[in-house]
Student: 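One structure follows; several queries about it will come next.
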Amino acid sequence: MQHYFNPMSRAVTTHWMLKELEVDHDQITLDFQAGDTQTAEFRTINPMGKVPTLVDDGVVVTEAAAICAYLADKYIEKGLAPPFDSPQRGRYYRYLFFPGTTLEPMFSAKQFGLTDYSAVSAGWGDFERCMAAIEAMTPDTGWVLESGFSAADVVFGGTLDFAMQFGWLDAPSSKVMGYVNRIRERPAYQESHVSP
Ligand SMILES: N[C@@H](CCC(=O)N[C@@H](CS)C(=O)NCC(=O)O)C(=O)O
């Protein structure tokens, strides 16, 4: 299994997931400044020329959330995904998809000062709605699923943590901060993140 990576990127989240699962893999670090992500060879693997990218016995998986979901299902016996027939799958999928489809574009819009758009048409709504959704969706205690820590926490919690580190989420509530602090205490998180 090859994991295309950069230590200052969203690939830290998938590296954390690999650590949570204790999966052996080849870590291939791509240098953005050197243009490693934009070579013809790499863009044959991932046409977006982005990390993280996972290649598992010829199967290419791109998008951080998809990689986390793929790994959680592949190693389902390790307990980081609910059983395939569990009703918890509904909540699990919400937390896997929400960050990439909604929070990420919202944080980018905020970062780049984009205000001239319709919050009704834009899939991410606006900053206020997203912040309210983060507040409502963040667990008071423990993890996203009652059954315990899962890939949903890696993706949802990892996105909140990433956003805080980059200054996109600068005034978290005590509930959100408490959840992210629980995330940061995990040994696999600490092994995969240089500094929170
Ligand atoms: N939607 C992608 C985003 C991946 C992404 O934007 N990766 C950035 C670093 S965080 C990257 O590879 N940039 C290098 C480039 O665009 O050349 C995901 O969730 O995996």
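Both backbone and side-chain heavy atoms feed into the values below; hydrogens, waters and symmetry mates do not. In listed order, ligands and their atoms are each counted from 1. Every value quoted in this text rests on a predicted model; they were computed, and no experiment measured them.
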Student: Among all the protein's non-hydrogen atoms, which is closest to atom 2 (C) of ligand 1, and how far away is it?
Tutor: Glu63 OE1, 3.1 Å
Student: Would you give me the side-chain donor-acceptor pairs under 3.5 Å for residues 50-61, sequence neighbours excluded?
Tutor:
unit_1: Thr53; atom_1: OG1; unit_2: Asn46; atom_2: ND2; d: 3.0
unit_1: Thr53; atom_1: OG1; unit_2: Lys50; atom_2: O; d: 2.7
unit_1: Asp56; atom_1: OD1; unit_2: Lys74; atom_2: NZ; d: 3.4
unit_1: Asp56; atom_1: OD2; unit_2: Tyr70; atom_2: OH; d: 2.6
unit_1: Asp56; atom_1: OD2; unit_2: Lys74; atom_2: NZ; d: 2.7

Student: Which ligand 1 atoms, with their elements, are less than 4.0 angstrom from a heavy-atom of Ser9?
Tutor: 9 (C), 10 (S)
Student: Classify the contact between Met48 and ligand 1 as side chain, backbone, both or neither, using a heavy-atom distance cut-off of under 4.0 Å.
Tutor: neither
Student: Is there a path of hydrophobic side-chain contacts, each under 4.5 Å between heavy atoms, that joins Leu96 and Ile76?
Tutor: no
Student: Only one of Tyr95, Phe156, Phe149 forms a ring-ring contact (aromatic ring centres under 6.0 Å, His included) with Trp143, so which one is it?
Tutor: Phe149
Student: What atoms in ligand 1 come closer than 4.0 Å to a heavy atom of Gln38?
Tutor: 15 (C), 17 (O)
Student: Students often mix this up, so state it plainly: with edges at 30° and 60°, are the rings of Phe166 and Phe162 parallel, tilted or perpendicular?
Tutor: tilted
Student: Go through ligand 1 atom by atom and flag the ones less than 4.0 Å from a non-hydrogen atom of Ala64.
Tutor: 18 (C), 19 (O), 20 (O)
Student: Contact between ligand 1 and Pro52 is defined here as a heavy atom of the residue under 4.0 Å from a ligand atom; is it met?
Tutor: yes
Student: In ligand 1, which numbered atoms sit nearer than 4.0 Å to a non-hydrogen atom of Thr37?
Tutor: 14 (C), 15 (C), 17 (O)
Student: Among all protein heavy atoms in this structure, tell me which lies nearest to atom 3 (C) of ligand 1, with the distance rounded to 0.1 Å.
Tutor: Arg10 CD, 3.7 Å
Student: Are the side chain of Ser9 and the backbone N or O of Asn6 linked by a donor-acceptor pair below 3.5 Å?
Tutor: yes
Student: Would you check if the distance from the ring center of Trp124 to the ring center of Tyr117 is below 6.0 Å?
Tutor: yes
